[in-house]
Amino acid sequence: MKHPLLNPHTHSLLRGSLLVLFSLAVSLLLSDFPHNHANPLLVLPALFAVAGTADTIRCMQRRWSFYHAGVILCIYMDLMALCMILFFLLYPYARWIASSQ
């Protein structure tokens, strides 16, 4: 018997949010945050975060309800986490931002 959280054919708000949050935690570890080292492996957490956001978007309903509003808030959280992951990925390559004069 398969657990519904592990079944990709069912809609699961928890699965999408957990995937995004775990991706953010892994990206924090990979980037060594205060020092922000360049690491191309950060592409993997970014892809998993995109997949988690898509899984969260699948939970949207056609008619407005409080569940629909909660899903929208979760999508905003996913997008903020995805922006942080992309920042960790791209910032070390943007040397013009940190140039000292």
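Predicted, not measured: the structure shown is a model, and the values here were computed from it. What's counted below: heavy atoms across the whole structure, side chains too, no hydrogens, waters or symmetry copies.
- Follow the hydrophobic side-chain contacts under 4.5 Å out from L28 and you reach L82 in the same cluster.
- With a 4.5 Å cut-off between side-chain heavy atoms of Ile, Leu, Val, Met, Phe, Trp and Tyr, the cluster of L21 takes in M77.
- In this structure, L86 CG and L90 CG are separated by 6.0 Å, a value rounded to the nearest 0.5 Å.
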Acceptor/donor pairs from residues 36-48 side chains to any protein atom, 3.5 angstrom cut, sequence neighbours excluded:
{"residue": "H37", "atom": "NE2", "partner": "D32", "partner atom": "OD2", "Å": "3.2"}
{"residue": "N39", "atom": "OD1", "partner": "L41", "partner atom": "N", "Å": "3.1"}
{"residue": "N39", "atom": "ND2", "partner": "L30", "partner atom": "O", "Å": "3.3"}

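- The cluster map of Ile, Leu, Val, Met, Phe, Trp and Tyr, joined by side-chain heavy atoms under 4.5 Å apart, puts V20 and V50 in different clusters.
- Applying the ring pair (Phe, Tyr, Trp, His ring centres under 6.0 Å) test to F87 and every residue at least two apart in sequence or in another chain returns Y91.
- Following chains of ILVMFWY side-chain contacts shorter than 4.5 Å, one cannot reach L13 starting from L18, and the two form parts of different hydrophobic clusters.
- Rounded to the nearest 0.5 angstrom, S12 OG and L19 CG are separated by 10.5 Å.
- A 4.5 Å side-chain heavy-atom check between I75 and I57 finds at least one atom pair inside the cut-off.
- Atom SG of C59 and atom CG of L14 lie 10.0 Å apart (nearest 0.5 Å).
- Listed by first and then second residue, the side chain to side chain donor-acceptor pair (under 3.5 Å) pairs that reach into residues 18-29 come to none, sequence neighbours excluded.
- Every pair passing side chain to side chain donor-acceptor pair (under 3.5 Å) that includes a residue from residues 65-85 is listed here, sequence neighbours excluded: T56-D78, Q61-S65.
- Within the hydrophobic cluster formed by Ile, Leu, Val, Met, Phe, Trp and Tyr side chains joined at under 4.5 Å, directly or through other members, L29 stands alone, with no partner residue.
- In this structure, P92 and L89 approach most closely via the heavy-atom pair CD-O, 3.8 Å.
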